Amino acid sequence: MTHHHIALIPGDGIGAEVLPCARQVLEAVGARHGIGFSYTSYDWSCERYVREGAMMPVDGLDRLRDKDAILLGAVGHPGVPDHVSLWGLLIPIRRGFRQYVNLRPVRVFEGVESPVRGAVAGEVEFVVVRENVEGEYSEIGGRLNRGFPEEMAVQEAVFTRAGVTRVLDYAFGLAARRGGGLTSATKSNGIVHTLPFWDELVAERGAAHPEVAWGQEHIDALAAKLVLDPARFDVVVASNLFGDILSDLAAAVAGSIGIAPAANLNPERDFPSMFEPVHGSAPDIAGRNVANPVGSIWSAAMMLDHLGHPEAARDVTDAIAAVFATTDERTPDLGGSAATTEFTEKLLELL
């Protein structure tokens, strides 16, 4: 039996409700495929921040370093500013463990109605590759003259040749394995330094991957085309900010952000990678057993694939598809009335 030690960070709000669902699915599919799991759970959250003044302890990364992967629920609470919760937990993990690829698959499932008329099951299935550790989300900048009429804020975007090249090579390699094309998100007609630099590196890496057909779209036009014709896309690669926005838009096209998974990958495997649903902590529905667990469960499937168990991962995504295609089990975000636990029980039956 193969064994993996997983770090669990339930976090806030519905994170504590959807993460146990993912764990149940892991146990079920692991029993079938000879995969064993052990878990260490961490109470790192906004609640901890209020209690102790920090989202996680100063040696948090050291506690995670020896784990095979990290499975996270959600982070955020109305009483704690979002930039505090994000920069106190997720971003230090992503950057400290060089998780420079944020991978977000998008799929329209049979039985899940998209709000977009042209988004049809079997035709819309693509992936957004988001640069995850630099770009627009840098730490460089500051505030000056706080409280005065001339108050100002400066935020610097940082695009390095090494950082952009490595995420582009990952995206081109993924497109080659999928047998599809690649679309690069840009705005080089308006952003005069960083995005022309991005475009130059895309062309450079494209020449190194002649097997992949590629093109580029300005982010505003690309956002429109993701809605008007989502089936045309296969791999979309984007900077940190653009990738964040596009993947949330794409999740809505697929029917609900509650479905969407994400992987924060260190492709070299020098550090553990982290897997999390795209949705937030949703404090308005927390504790009501109505959250959609699919984003968390699909994220666990991505973790299985990363850990070297693609068949087990496929069993999970096939079970998700089967629930949607063959039953009426839907959580409220998809127009149904099923509880979080009820949906999970049905998926486990099919699994």
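The structure displayed is predicted, hence computed values, not measured ones.
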Checklist line | Distance-only donor-acceptor check, side chains S239 and E136, under 3.5 Å | finding: yes

Next item on the list: Decide, yes or no, whether a salt bridge links D244 with R104 under the criterion of side-chain N to carboxylate O below 4.0 Å.
Entry: yes

Check: Got a sec, which pairs hit ring-ring contact (aromatic ring centres under 6.0 Å, His included) with one end in residues 244-281, sequence neighbours left out?
Finding: F97-F271, F275-H306

Notebook entry, point to check: Taking only residues two or more places apart in sequence or in another chain, which ones pass side-chain contact (heavy atoms from CB on, under 4.5 Å) with A16?
Noted result: P10

Notebook entry, point to check: Taking only residues at least two apart or on different chains, which pairs with a member in residues 13-28 satisfy side chain to side chain donor-acceptor pair (under 3.5 Å)?
Noted result: E27-Y39

Next item on the list: Just grab all the ring-ring contact (aromatic ring centres under 6.0 Å, His included) pairs involving residues 43-73, residues at least two apart or on different chains.
Entry: Y42-W44

Checklist line | Test: D270 and R98 ion pair at under 4.0 Å | finding: no

Margin query: Side chains of F126 and V235, heavy atoms from C-beta outward: is any pair under 4.5 Å?
Written below: no

Item checked: R117 atom CZ, over 12 foreign heavy atoms within 6.0 Å -> no

Notebook entry, point to check: Does some side-chain heavy atom of E217 sit less than 4.5 Å from a side-chain heavy atom of S184?
Noted result: no

Next item on the list: Report yes or no: does T340 contribute a side-chain atom to a donor-acceptor pair with the main-chain N or O of A291 at less than 3.5 Å?
Entry: yes

Checklist line | Under 3.5 Å side-chain donor-acceptor pair for S85 and H77 | finding: no

Check: If you look only at pairs with a residue in residues 201-214, which of them pass as a side chain to side chain donor-acceptor pair (under 3.5 Å), with sequence neighbours excluded?
Finding: R161-E204, D169-R205

Check: Can you tell me if CZ on R178 sees more than 12 non-hydrogen neighbours from other groups inside 6.0 Å?
Finding: yes

Item checked: Short N-O contact, R166 and E268, less than 4.0 angstrom -> no

Notebook entry, point to check: How about D82: does its CG atom have over 12 heavy atoms from other parts shown lying under 6.0 Å from it?
Noted result: no

Notebook entry, point to check: Where the side chain of S299 meets the backbone of I297, is there a donor-acceptor pair that is under 3.5 Å apart?
Noted result: no

Note to self: Ignoring hydrogens and geometry beyond distance, is a side-chain donor-acceptor pair present between S273 and N266 at under 3.5 Å?
What the structure shows: no

Notebook entry, point to check: Between W87 and Y137, does the ring centre distance come in under 6.0 Å?
Noted result: no

Next item on the list: For D12 and C46, indicate whether the former's side chain and the latter's backbone hold a donor-acceptor pair under 3.5 Å.
Entry: yes

Check: Between N102 (side chain) and E131 (backbone), is there a donor-acceptor pair under 3.5 Å?
Finding: no

Checklist line | Pairs involving residues 284-295, ordered by first then second residue, that meet side chain to side chain donor-acceptor pair (under 3.5 Å) (sequence neighbours left out) | finding: N289-T341, N292-T331, N292-D333

Next item on the list: Answer yes or no: are there more than 12 heavy-atom neighbours, outside E110 itself, under 6.0 Å from its atom CD?
Entry: no

